[in-house]
Protein chains: 2
Amino acid sequence: MEKSSVLTVLSALAHDTRLDVFRLLVRAGPEGMTAGSLAATLDIRSNTLSNNLVILSAAGLVRSAREGRAIRYFARMEQMRDLLGFLMEDCCGGQPELCQPVLDQITCPC
Amino acid sequence: MEKSSVLTVLSALAHDTRLDVFRLLVRAGPEGMTAGSLAATLDIRSNTLSNNLVILSAAGLVRSAREGRAIRYFARMEQMRDLLGFLMEDCCGGQPELCQPVLDQITCPC
DNA sequence: TCCATATTTCATGTATAATGGAAATGATTG
DNA sequence: CAATCATTTCCATTATACATGAAATATGGA
């Protein structure tokens with residue numbers, strides 16, 4: 001993962017509402033949630049949520065699929081996994097072999 | 001880990017220079033680096049670095065120890081581990097037992 | 001004590017991001 | 001095709017974060 005992508009992902013998550021949205025989608029799992037139910041659950045205006053969903057999408061943290069009139073959002077766990085990989089890499093004074101086996105385990109069945 | 005702490009940590013890392021500083025300290029391992037060598041390595045002014053070190057310290061991502069005239073900084077891997085734990089928790093539609101064994105592996109010998 | 005070195009603190013101008021009202025788009029229903 | 005619902009886009013205001021110059025603090029050495 002490139003550093004610029006990492007910064008985009010971290011900036012996207014470093015926001016009160018967006019962190020809530022992302023975690024809600026993580027909890028929702030493969031079912032995801034529509035923009036409307038996200039807004040209702042978190043009690044935020046639709047346009048504010050929309051702006052934040054754009055930012056999460058641009059960061060690759062969520063994906064969306066139209067479903068009739070609504071649009072359903074899903075967390076992209078791969079992106080999270082790649083972020084964790086970047087943050088942990090080259091750990092421990094240039095001896096990645098100490099951490100690599102651990103990083104290899106960071107996968108999620110989602 | 002509390003959500004407010006998570007936001008503080010993410011905000012601290014979501015910054016070009018601070019991400020460089022943190023990763024440099026991660027690579028440096030237990031030896032750490034002085035503020036001066038960090039500034040020289042990254043080619044940034046001392047007061048700019050200092051401001052950023054304050055932010056990283058407040059987020060619990062680094063710790064420091066005076067060493068003569070210099071001050072030596074170290075990455076706090078525990079904080080990173082806790083962050084990862086928070087981001088992954090309650091994964092997969094409220095079935096944490098799917099991810100918990102994975103999270104339990106996220107430890108670093110640093 | 002006086003000076004040099006290392007780092008931090010303060011104050012400030014500027015750039016960037018966040019919110020929310022209003023309007024626009026896209027999709028379904030009658 | 002009009003009406004309605006879900007969501008997004010546009011825009012203006014406000015708030016926040018950033019880098020920097022200058023000054024202050026702390027340590028070690030002459």
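Since the model is a prediction, treat every value here as computed from it, not as a measurement. Sequence lines set the chain letters: A, B, ... in the order given, protein chains first and strands last, and positions in each chain run from 1.
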- Task: Tell me which nucleotide among dG28(D), dA19(D), dT8(D) gets nearest to the side chain of N52(B).
- Result: dA19(D)

- Note on the structure: Whichever of Y73(B) and R66(A) has the more 5' nearest nucleotide on DNA chain C, that residue is Y73(B)

- Check every nucleotide of DNA chain C for an atom under 4.0 Å from a heavy-atom of chain A, then give the first and the last such nucleotide from 5' to 3'. dA18(C) to dT28(C)

- Are L56(B) and R18(B) side-chain neighbours, meaning at least one heavy-atom pair lies under 4.5 Å? yes

- Query: So, for A35(B) and L53(B), which heavy atoms are closest and what is the spacing to 0.1 Å?
  - Reply: CB-CD1, 4.2 Å

- M80(B) and L24(B): same hydrophobic cluster, using ILVMFWY side-chain contacts below 4.5 Å? yes

- Task: Could you tell me the separation between the CZ atom of R69(B) and the P atom of dA26(D), rounded to a whole number of Å?
- Result: 16 Å

- Query: Of the residues in residues 6-21 of chain A, which ones touch DNA chain D at a heavy-atom distance under 4.0 Å?
  - Reply: none

- Interatomic distance, N51(A) CG vs dT8(D) P [rounded to whole Å]: 9 Å

- Task: May I have the distance from L38(A) (atom CG) to dT7(D) (atom C1'), rounded to whole angstrom?
- Result: 12 Å

- Task: Round to a whole Å and report the spacing from CD1 of I55(B) to C1' of dC18(D).
- Result: 9 Å

- Looking just at side-chain N and O atoms, do T34(A) and S37(A) make a donor-acceptor pair shorter than 3.5 Å? yes

- Query: With a distance cut-off below 6.0 Å to the six-membered ring centre and an angular limit of 45° from the axis, does R23(B) pair with F86(A) as a cation-pi contact?
  - Reply: yes

- Task: Under 4.0 Å between any heavy atoms, over every strand shown, what does R45(A) touch: base, sugar-phosphate, or nothing? Just pick one.
- Result: sugar-phosphate

- Query: Whole Å only: how far is the CG atom of L56(A) from the P atom of dT7(D)?
  - Reply: 16 Å

- Message: Between L49(A) and L7(B), is there shared hydrophobic-cluster membership here, with clusters defined by ILVMFWY side-chain heavy atoms closer than 4.5 Å?
- Response: yes

- Message: At less than 4.0 Å, is any side-chain N or O atom of S46(A) found next to OP1 or OP2 of dT7(D)? Yes or no.
- Response: no

- Item | Side-chain heavy atoms of I55(B) within contact of V21(B), under 4.5 Å | no

- Task: Measure the distance from CD1 on I71(A) to C1' on dT9(D) and round it to the nearest whole Å.
- Result: 13 Å

- R72(B) and E31(B) have their tightest heavy-atom pair at NH1-O, 3.0 Å

- Task: Could you tell me whether the side chain of D20(B) reaches within less than 4.5 Å of the side chain of K3(A), counting heavy atoms only?
- Result: yes

